[in-house]
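Okay, handing you the structure first.
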Amino acid sequence: MTTRVIIVDDQAMVRAGFAALLAAQSDIDVVGDAPDGVQGVELSRRTHPDVVLMDVRMPEMDGLEAARRLLDPPTGVVHRPRVLMLTTFDVDDYVYEALRAGASGFLLKDAPPADLISAVRVVAAGEALLAPSVTRRLIADFARQRPAPRKDRTSLRLNGLTPRETEVLELIARGLSNQEIAESLVLAEQTVKTHIGRVLAKLELRDRAQAVIFAYESGLVSPGAN
């Protein structure tokens, strides 16, 4: 199955370079590119890509607002692509907000070509692109700057999880991979994947990235905790 991709970035050379690299893959089809968020949203609505590579900082409309419009479309718009944010910084407040909006992760623009190709495939498969080290640093750093955990529906939704599912969610938020969670809880990795699927379904979350955000904002995990 071919993954349809569009590239939204204000630098023409970045768009051309990424497009050439991705188009050379037999399982990836680059169906368009755009120089800003406004045109990126329009292009996505028109071409229905599986994955949108979205620059964070752009004129007209930045990547954060464009991601929000794609991931929370108006009534009547059914298509919702996976959004992978592109940034030149490994810690960026825009990225945190994009994850909250539903983006599936982020990638540094200077990442090796193999990482870009892998990232598109990972996101297209429905996974979140959050390396454990990135999860620990990025989310915790910005969670420290957030208000106290909300005691409303966000935290109450935790009550619907089983003790094991709550454990799994906590370990996800601490930056552990599926394999590390399996080792920590003495479970098969496939069992961990099953638990994660149930956590996402019960909490009405789209992917692992939103699960991390939810765990911090609900107070399940405290910033800086080991």
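Remember, it's a predicted structure, so these values are computed and weren't measured experimentally.
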Sequence-distant partners of D33, salt bridge (Lys or Arg N to Asp or Glu O under 4.0 Å), two or more places apart: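 So D33 forms a salt bridge (Lys or Arg N to Asp or Glu O under 4.0 Å) with R15.
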
Nearest heavy-atom neighbours spanning V30 and A19: CG2-O, 3.8 Å

By side chain to side chain contact (heavy atoms under 4.5 Å, CB included) - contacts of L205 (at least two apart):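 Partners of L205 under the side chain to side chain contact (heavy atoms under 4.5 Å, CB included) test: R157, L200, L203, Q210, A211, F214.
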
Note, D62 side chain near V56 side chain (heavy atom, < 4.5 Å): no

Side chain to side chain donor-acceptor pair (under 3.5 Å) contacts touching residues 70-85 (sequence neighbours left out):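 Not a single pair qualifies under side chain to side chain donor-acceptor pair (under 3.5 Å).
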
T2: partners by side chain to side chain contact (heavy atoms under 4.5 Å, CB included), with sequence neighbours left out: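 For T2, the residues satisfying side chain to side chain contact (heavy atoms under 4.5 Å, CB included) (neighbours in sequence not counted) are D29.
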
Side chains of L84 and S104 in contact at under 4.5 Å (non-hydrogen atoms): no

All pairs passing ring-ring contact (aromatic ring centres under 6.0 Å, His included) where residues 10-45 contributes a residue, at least two apart: none

Nearest heavy-atom neighbours spanning G32 and L43: C-CD2, 3.6 Å

Stepwise side-chain contact (heavy atoms from CB on, under 4.5 Å) test for L53 and V8: CA-CA 6 Å; L53 294 178; V8 185; over 6 Å; no

From CA spacing to verdict: side-chain contact (heavy atoms from CB on, under 4.5 Å), L108, T87: CA-CA 5 Å; L108 295 179; T87 180; 4.0 Å; yes

Shortest non-hydrogen contact from A67 toward V83: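 Residues A67 and V83, closest heavy atoms: CB-CG1, 4.1 Å.
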
Any residue meeting salt bridge (Lys or Arg N to Asp or Glu O under 4.0 Å) with K202, in chain and number order, not counting sequence neighbours: E165

Under-4.0 Å salt bridge between R174 and E170: yes

E60 side chain reached by Q39 side chain, heavy atoms, under 4.5 Å: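 The answer is no, as the side chains (C-beta and beyond) never meet within the 4.5 Å cut-off.
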
Where at least one partner belongs to residues 166-213, residue pairs that pass ring-ring contact (aromatic ring centres under 6.0 Å, His included), sequence neighbours excluded: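 Sorted result for residues 166-213: empty, none.
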
Separation of T47 OG1 from D50 CG (nearest 0.5 Å):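 These two atoms lie 9.5 Å from each other.
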
Non-neighbouring partners of P74 that pass side chain to side chain contact (heavy atoms under 4.5 Å, CB included), sequence neighbours left out: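 For P74 the side chain to side chain contact (heavy atoms under 4.5 Å, CB included) partners, ignoring immediate neighbours, are R45, V77.
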
Check: T191 side chain, L187 main-chain N or O, donor-acceptor pair, under 3.5 Å: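 No; judged by distance alone, with no hydrogens or angles, the pair does not exist.
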
Beyond-backbone contact of V51 with P81, side-chain heavy atoms, under 4.5 angstrom: no

Salt bridge (Lys or Arg N to Asp or Glu O under 4.0 Å) partners for E167, two or more places apart: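 With sequence neighbours excluded, E167 shows a salt bridge (Lys or Arg N to Asp or Glu O under 4.0 Å) to R164, given in chain and number order.
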
Donor-acceptor under 3.5 Å (S44 side chain, V41 main chain): no

From R68 atom CZ to M61 atom CE, the distance as rounded to the nearest 0.5 Å: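 Here the interatomic distance stands at 11.0 Å.
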
Selection residues 102-120 - residue pairs positive for salt bridge (Lys or Arg N to Asp or Glu O under 4.0 Å), sequence neighbours left out: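 Non-adjacent pairs meeting salt bridge (Lys or Arg N to Asp or Glu O under 4.0 Å): D9-K109, D55-K109.
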
Partner residues of V122 under the side chain to side chain contact (heavy atoms under 4.5 Å, CB included) criterion, sequence neighbours left out: S118, E127, L129

Least distance between heavy atoms, L22 atom then V120 atom: CD2-CG2, 4.0 Å

Side chain to side chain, D27 and R121, heavy atoms closer than 4.5 Å: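 The answer is yes; the side chains approach within 4.5 Å.
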
Full working for side-chain contact (heavy atoms from CB on, under 4.5 Å) between V5 and T3: CA-CA 6 Å; V5 177; T3 298; 4.0 Å; yes

Closest contact, heavy atoms only, D36 versus P59: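 Closest approach of D36 to P59: CB-O, 3.2 Å.
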
Residue pair E42, R46: steps toward the salt bridge (Lys or Arg N to Asp or Glu O under 4.0 Å) verdict: CA-CA 6 Å; E42 293 174 351; R46 196 167 64 246; 5.4 Å; no

Set of residues satisfying salt bridge (Lys or Arg N to Asp or Glu O under 4.0 Å) with respect to R198, sequence neighbours excluded: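 Testing R198 for salt bridge (Lys or Arg N to Asp or Glu O under 4.0 Å), a comparison that skips the adjacent residues, returns none.
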
Atom of A103, atom of M85 and distance for their closest heavy-atom approach: CB-CG, 4.0 Å

Derivation of the side-chain contact (heavy atoms from CB on, under 4.5 Å) call for I196 and V192: CA-CA 6 Å; I196 292 174; V192 170; 3.9 Å; yes

